[in-house]
Amino acid sequence: MTVETTTTGSSALDRDRIKELTEREQTAFEQRTQASREHFERARKAMPSGVPSSFQANDPWPVYVERGAGTAVWDVDGNEYVDFHNGFGVMCIGHANPIVGAAVKARVDLGTHFAAPTEGSITVAEELQRRFALPQWRFTNSGTESTMDAVHLARGATGRDMILKIEGSYHGHHDAVMVSVYPPIEELGERDDPRSVPYGAGYPRALTELTRAVPFNDAEALERVLAKLEGRVAGLIMEPAMMNINIIPPVDGYLERVRELTFAHGVKLIFDEVKTGATISAGGATRRFGVTPDVITLAKATCGGYPGGAIGMTAELAELVASGRVHQYGTFNGNPLVMAAAQATLTEVLTEDAYAKLEATNAKLLDRCREVIDRYALPAYGEGLGAKGCVIFSPQPLREYRDYLTEVDAELSTLAWLYHMNRGIFMTPGVEEEWTLSIAHNDDDLDRYVGAFEEFARDVTA
Ligand SMILES: Cc1ncc(COP(=O)(O)O)c(C=O)c1O
């Protein structure tokens with residue numbers, strides 16, 4: 001996710017100073033990425049905005065990457081960076097991981113696609129069963145496909161049409177969830193009854209109306225909406241910890257209450273663990289927070305840098321798929337190459353020890369960022385879970401999307417991004433993302449990150 005939201009928070013820091021530093025850093029960025037500019041000029045003649053996915057677009061041009069190894073990436077200008085972007089939270093195994101590389105290379109020589117099940121898919125499904133508390137699994141090719149299948153399952157199981165989602169969450173780009181993703185402030189509607197705001201054009205209004213948003217971290221609001229829509233809601237899809245508007249963890253007791261309420265109203269609970277699933281514990285948020293949904297959707301880090309996803313489900317929902325009542329399809333589902341990568345990633349690289357290391361490295365980085373925030377009295381705080389973390393430029397902790405929209409200082413976030421990029425820290429552009437660590441990150445990498453952050457903090461408060 002990137003560059004698509006604009007928040008309106010404005011901290012007490014000197015705005016002229018922020019503007020002046022942004023202009024200086026923007027010029028430096030443009031000067032050091034001239035080969036990217038040339039790639040962009042060529043690419044835009046063949047791809048809208050010069051990128052394969054709009055989330056890769058950036059102003060004035062994207063940084064085109066040449067290669068990566070461990071925590072390092074090199075762009076087409078030859079600039080070397082320590083990667084904290086990690087492919088939007090995919091590369092927890094580090095770039096060009098030799099174990100995953102060997103598994104994929106071995107599979108290449110045995111044939112890469114049959115559209116018939118191979119043993120790899122059984123092994124990966126068994127591993128997901130072991131990690132997460134759900135008994136049955138299917139494969140997809142992306143997070144979007146996983147959440148689309150999840151919505152079909154909820155509707156198929158209940159015979160109802162409406163879907164609830166959390167205001168300000170992104171679940172991929174299919175019709176049912178491209179609603180109230182980043183609604184602008186003037187379109188929000190009442191907090192207890194948010195409007196269904198389509199995220200862009202191309203979605204039939206009738207479908208948009210079938211998806212309603214509720215605020216995160218507010219079980220009482222959910223309870224009221226469920227009572228109002230009694231008998232009409234098929235499923236609630238949610239990230240157990242929000243990760244597309246920086247990171248917002250669930251408050252104590254919230255997920256437990258959501259589980260009780262969804263049970264009570266016959267609503268299928270879908271945890272979208274595309275971001276959290278393979279990054280915040282071996283069993284994702286489900287294990288970390290101890291609440292089991294009816295459906296779990298996975299993708300991103302699960303397949304170690306290959307385009308795959310998965311969907312976990314209860315035995316009751318699996319029966320709908322097995323009986324053919326709900327269709328779960330895909331030519332490339334369970335592709336042997338992707339399964340080889342997923343198997344090596346999950347069973348050999350992202351082990352329990354690896355999660356302990358990711359957690360410890362993240363804690364160290366967060367502590368060091370918090371120390372800088374305190375020393376320079378920045379209007380910001382550090383937040384993190386597992387491999388994921390961020391500095392949020394808001395004076396107080398966010399609990400939901402409306403806080404994010406009104407509190408986060410977008411200009412400060414953009415300036416921090418420029419400081420990092422110009423000092424060899426590869427970060428996701430935009431206000432809403434977080435860093436993702438890999439098992440390869442070490443103290444030197446953290447030193448570089450904190451060094452750039454401190455320079456930013458010193459300059460912006462000077
Ligand atoms: C929580 C969440 N769900 C679903 C998706 C969609 O995944 P994909 O981009 O693989 O389709 C994303 C992508 O960022 C995501 O963050």
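Start at 1 and go down the list; that is how both ligands and their atoms are numbered. Predicted model, so just to flag it, every value in this text is computed and none were measured.
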Going by the atom numbers of ligand 1, which of them fall below 4.0 Å from some non-hydrogen atom of [X]?
X    : value
H171 : 3 (N), 4 (C), 5 (C)
T144 : 6 (C), 7 (O), 8 (P), 11 (O)
E239 : 1 (C)
K275 : 16 (O)
K300 : 13 (C), 14 (O), 16 (O)
G172 : 4 (C), 5 (C), 6 (C)
G143 : 6 (C), 7 (O), 8 (P), 10 (O), 11 (O)
N244 : 1 (C), 15 (C), 16 (O)

E273 to ligand 1, any heavy atom closer than 4.0 Å: no
contact_flag F88 ligand 1 heavy-atom lt 4.0 Å: no
Mutual orientation of the aromatic rings belonging to F29 and W417 [parallel < 30°, tilted 30-60°, perpendicular > 60°]: tilted
Salt bridge present between E434 and K275 (N-O < 4.0 angstrom): yes
N-O pairing of R195 and E187 below 4.0 Å: no
Ring centre gap for Y449 and F426 strictly below 6.0 Å: no
Proximity of F55 to ligand 1 by residue part, where a heavy atom lies under 4.0 Å: neither
Under 3.5 Å donor-acceptor, T112 side chain and V108 backbone: no
Axial cation check for Y404 ring with R402, 6.0 Å and 45° limits: no
Results of salt bridge (Lys or Arg N to Asp or Glu O under 4.0 Å) for E352 - residues two or more places apart only: R287
Residues forming a salt bridge (Lys or Arg N to Asp or Glu O under 4.0 Å) with R257, sequence neighbours excluded: E223, E260
Contact (N/O only, under 3.5 Å) between H173 and ligand 1: no
